[in-house]
Amino acid sequence: MSTETFQPPTVGDTTVDHTADIAAIEQIIGNVETAYNTNDADLMTADFTANATVVNAVGALMTGRDALLEANRRGLAGFLKDQYVRYEITDITFLRPDVALAHKVARATTADGQLIDIDHAMIALYVLVKEEGRWWTAARQNTLIPKAD
């Protein structure tokens, strides 16, 4: 097939009203922010599928909810214990009625929520799936954003 005649599809779902879906996805990402700021590994892991995959901000791959929970427990009790963050959801795209992509950006804050980072310090991509009426995170990729010189 010639690339000159091939037109790639635009994938996006407009077949249903996604208002409630958007609220549910915003809640999932909000749960991660709350969990990070309160060192709650169980809440941080609660909305992941059993076979979820996560790449953290330093490039480590974790596969499976149990591995993710253990990593979250170690991180929140260790080097993340006194770290705080504010998330901003920048977009949510529905590929299918039951599959969505969401991006969030993050900034470091003080314990009382005052911004430390002027610019965003990290971006994350979430792949979410809807199973039996509930949204779950199936994959997340975190990437540090280099500081401008």
Side-chain angles (χ1 to χ4, degrees), residues 10-149:
T10 299
V11 180
D13 180 67
T14 58
T15 63
V16 298
D17 178 3
H18 286 291
T19 303
D21 298 323
I22 291 168
I25 291 168
E26 288 173 340
Q27 182 62 55
I28 287 171
I29 294 172
N31 288 346
V32 176
E33 178 180 2
T34 297
Y36 191 105
N37 290 332
T38 60
N39 299 315
D40 187 339
D42 292 315
L43 178 60
M44 185 173 275
T45 312
D47 297 310
F48 283 88
T49 62
N51 62 336
T53 59
V54 171
V55 176
N56 69 17
V58 295
L61 173 65
M62 291 157 281
T63 301
R65 189 173 178 177
D66 293 340
L68 181 57
L69 178 59
E70 180 56 32
N72 289 339
R73 285 180 176 152
R74 280 192 319 271
L76 292 171
F79 70 101
L80 297 174
K81 184 175 182 179
D82 295 317
Q83 302 293 313
Y84 304 92
V85 71
R86 183 182 306 167
Y87 293 155
E88 175 188 347
I89 299 169
T90 59
D91 62 80
I92 299 173
T93 302
F94 293 90
L95 302 179
R96 304 278 187 259
D98 61 348
V99 178
L101 303 177
H103 285 97
K104 76 174 180 197
V105 289
R107 293 186 193 169
T109 70
T110 62
D112 62 355
Q114 296 299 311
L115 288 174
I116 295 170
D117 289 328
I118 295 170
D119 296 319
H120 297 112
M122 187 197 67
I123 187 167
L125 168 64
Y126 285 70
V127 178
L128 300 116
V129 296
K130 192 173 189 179
E131 289 289 326
E132 298 182 18
R134 186 193 189 289
W135 283 95
W136 298 91
T137 302
R140 187 180 71 212
Q141 167 77 45
N142 298 306
T143 304
L144 294 174
I145 298 171
K147 292 190 185 279
D149 291 330

Give me each pair satisfying salt bridge (charged side-chain N to carboxylate O under 4.0 Å, His left out) with a member in residues 21-30, each pair once, sequence neighbours excluded.
D21-K130
Let me have the donor-acceptor pairs involving side chains of residues 52-63, under 3.5 Å, with sequence neighbours excluded, atom names and distances please.
| residue | atom | partner | partner atom | Å |
| --- | --- | --- | --- | --- |
| N56 | OD1 | V58 | N | 3.0 |
| N56 | OD1 | G59 | N | 3.1 |
| N56 | OD1 | A60 | N | 2.9 |

Pairing residues for D47 by the side chain to side chain donor-acceptor pair (under 3.5 Å) criterion, not counting sequence neighbours:
N31, R134
Report the residues that fulfil salt bridge (Lys or Arg N to Asp or Glu O under 4.0 Å) with D40, sequence neighbours left out, ordered by chain and then residue number.
none
Quick one: closest heavy-atom pair of F48 and W136, and the distance?
O-CE3, 3.6 Å
Report yes if the side chains of L95 and D13 come closer than 4.5 Å at any heavy-atom pair, otherwise no.
no
I25 to A102 - nearest heavy-atom pair and separation
CG2-CB, 4.1 Å
Taken to the nearest 0.5 Å, the spacing of N37 CG from Q83 CD works out to 10.5 Å
pair R96-T15: side-chain heavy atoms closer than 4.5 Å:
no
Residues that D17 engages under side chain to side chain donor-acceptor pair (under 3.5 Å), provided they are two or more places apart
T19
Show the nearest heavy-atom pair for residues T137 and L128, with the distance to one decimal.
OG1-CD2, 3.6 Å
Please name all residues satisfying side chain to side chain contact (heavy atoms under 4.5 Å, CB included) with T10, sequence neighbours left out, ordered by chain then number.
none
If I take atom CE from residue M44 and atom OG1 from residue T38, how far apart are they, to the nearest 0.5 angstrom?
8.0 Å
Could you list the donor-acceptor pairs under 3.5 angstrom formed between side-chain atoms of residues 68-76 and any protein atom two or more places apart in sequence or on another chain?
| residue | atom | partner | partner atom | Å |
| --- | --- | --- | --- | --- |
| N72 | ND2 | T45 | OG1 | 2.8 |
| N72 | ND2 | L68 | O | 3.3 |
| R73 | NH2 | D42 | OD1 | 3.2 |

Under the ring-ring contact (aromatic ring centres under 6.0 Å, His included) rule, collect the residues that match up with F94, sequence neighbours excluded.
H18, W135
Looking at residues at least two apart in the chain, or sitting in another chain, which of them share a salt bridge (Lys or Arg N to Asp or Glu O under 4.0 Å) with D66?
none
Side-chain donor/acceptor pairs under 3.5 Å, residues 118-126, sequence neighbours excluded:
| residue | atom | partner | partner atom | Å |
| --- | --- | --- | --- | --- |
| H120 | NE2 | E88 | OE1 | 3.2 |
| Y126 | OH | K104 | NZ | 2.7 |

List, one per line, each side-chain donor-acceptor pair under 3.5 Å for residues 108-115, sequence neighbours excluded.
| residue | atom | partner | partner atom | Å |
| --- | --- | --- | --- | --- |
| T110 | OG1 | D112 | OD1 | 2.3 |
| T110 | OG1 | Q114 | N | 3.0 |

